[in-house]
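Below is one structure, written out as structure tokens, with a few remarks after it.
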Amino acid sequence: MGIGIKYTIKKWLSSWNPAMYKGLEYDRLTHKIIQKVVRPDSNCIDVGSHKGEILSMLIKQAPYGLHFAFEPIPHLYDKLGRSFGQIAKVYPYALSNEVGQSNFYYIENAPAYSGLKKRDYQVRKPNIKELIVQVSTLDEILPDGIVIDFIKIDVEGGEFNVLKGGKKTILASRPVIIFECGLGASNYYHTDPSKLYDYISEVLNLKLHTLKSYLAETAALSKQKFIQLYDSNEEYYFIAHP
């Protein structure tokens, strides 16, 4: 079944749920951006790979590139290894800005909400199972000298820490980065949108757009606009790019 048909079916099924529809729209825009920026030989990273939907897109778009996937939930990591282990490097780590072990909150009836910290769960009576997982950083794991072209980060609120833990890699490669950042998740990691904007623009020297405005090639987000979007939760997926 092609992605267009899948999108139409999911759109119809999610029409009663605004949050689900928003997520579906972000998936569609992410796919369009991957088609736009990822070359056949691009090296890509999928942080929070989950079931491998984005990883699959990246491998299809860049069959001659190197691909790295990170997923700490054991059964999802095992499934990714079986499905993609021959064509991607799959790691069982939760990425952050430090190396070690941490509690990880696996939501059995809504795995997509799982993460290193508890957060708002848009599911009735979440079944929370506490795991111990290995934590690492992009800079610790990636081989020296490899140039990364594209990164997707979706770790249910801890995206700022992943960016901090990948500082050396990002500065050396200057990739396109799609990342989640929004109330209900990021605030549980004490993310300050002002500091995040400054880190991306001043430390990493990258511009910020919403996914839609990036594809439309309109002006980059100002700091004031980014904070407004974060505080209103009007948008919670963004793209950082050279």
Side-chain angles (χ1 to χ4, degrees), residues 19 22-23 25-27 29-30 33 37 44-49 54 70 72 93-99 102 104-105 112-120 135-142 148-216 218-242:
K22 187 82 167 179
E25 178 67 3
Y26 284 142
D27 288 346
L29 294 171
T30 296
I33 291 171
V37 306
C44 305
I45 298 173
D46 185 7
V47 184
S49 195
I54 300 300
F70 297 87
Y93 302 126
L95 289 192
S96 189
N97 60 338
E98 58 187 9
V99 176
S102 176
F104 185 90
Y105 300 95
Y113 290 126
S114 304
L116 290 172
K117 295 186 182 295
K118 292 181 179 179
R119 52 153 293 180
D120 285 342
V135 179
S136 193
T137 71
L138 276 177
D139 289 344
E140 179 73 20
I141 293 171
L142 292 182
I148 299 299
D149 302 292
F150 180 88
I151 304 175
K152 183 226 83 180
I153 310 172
D154 184 352
V155 293
E156 298 307 304
E159 290 78 15
F160 194 178
N161 286 339
V162 176
L163 291 171
K164 292 176 182 176
K167 177 182 174 182
K168 181 179 73 174
T169 298
I170 295 168
L171 285 174
S173 299
R174 295 182 57 74
V176 172
I177 306 169
I178 290 179
F179 66 99
E180 185 177 24
C181 180
L183 294 177
S186 300
N187 48 306
Y188 285 85
Y189 290 77
H190 306 294
T191 295
D192 181 331
S194 176
K195 292 180 179 178
L196 174 57
Y197 185 94
D198 289 344
Y199 184 81
I200 290 173
S201 62
E202 297 176 9
V203 177
L204 301 181
N205 193 27
L206 299 175
K207 299 176 182 178
L208 267 173
H209 274 84
T210 65
L211 304 192
K212 188 175 292 186
S213 69
Y214 176 79
L215 287 168
T218 57
L221 294 173
S222 66
K223 183 175 181 177
Q224 181 181 6
K225 182 62 175 178
F226 176 72
I227 293 171
Q228 181 261 314
L229 290 173
Y230 178 89
D231 287 342
S232 67
N233 226 18
E234 182 181 342
E235 298 281 357
Y236 55 87
Y237 259 92
F238 299 91
I239 181 168
H241 60 95

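One-based numbering along the sequence shown.
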For Pro242 against Val176, the heavy-atom pair lying closest together: CD-CG2, 4.5 Å
Test side-chain hydrogen bond (donor to acceptor under 3.5 Å, both in side chains) applied to Asp120 - qualifying residues, sequence neighbours left out: Tyr188
Non-hydrogen atoms of Ile200 and Ala240 that approach each other most closely: CG2-CB, 3.9 Å
Results of side-chain hydrogen bond (donor to acceptor under 3.5 Å, both in side chains) for Asp198 - residues two or more places apart only: Lys223
Counterpart residues, ring pair (Phe, Tyr, Trp, His ring centres under 6.0 Å), relative to Phe70 (two or more places apart): Tyr91
Working for side chain to side chain contact (heavy atoms under 4.5 Å, CB included), residues Ile45 and Leu142: CA-CA 10 Å; Ile45 298 173; Leu142 292 182; 3.5 Å; yes
Closest contact, heavy atoms only, Leu116 versus Tyr105: O-CE1, 3.5 Å
Residue pairs, two or more places apart or on separate chains, that pass salt bridge (charged side-chain N to carboxylate O under 4.0 Å, His left out) and touch residues 153-164: Arg119-Glu156
Residues that Tyr230 engages under ring pair (Phe, Tyr, Trp, His ring centres under 6.0 Å), provided they are two or more places apart: none
Residues in side-chain hydrogen bond (donor to acceptor under 3.5 Å, both in side chains) contact with Ser213, at least two apart in sequence or another chain: Thr210
Heavy-atom closest contact (Cys181 atom, Phe238 atom, distance): O-CE1, 3.6 Å
Contacts of type ring pair (Phe, Tyr, Trp, His ring centres under 6.0 Å), residue Tyr113, not counting sequence neighbours: none
Inter- and intrachain pairs under salt bridge (charged side-chain N to carboxylate O under 4.0 Å, His left out), touching residues 184-195, at least two apart: none
Any residue meeting salt bridge (Lys or Arg N to Asp or Glu O under 4.0 Å) with Glu235, in chain and number order, not counting sequence neighbours: Lys22
Ion pair Lys152/Asp46, N-O distance below 4.0 Å: yes
Which residues share a ring pair (Phe, Tyr, Trp, His ring centres under 6.0 Å) with Tyr199, sequence neighbours left out: Phe160
Results of side-chain hydrogen bond (donor to acceptor under 3.5 Å, both in side chains) for Arg174 - residues two or more places apart only: none
Contact list for residues 201-213, test salt bridge (charged side-chain N to carboxylate O under 4.0 Å, His left out), sequence neighbours left out: none
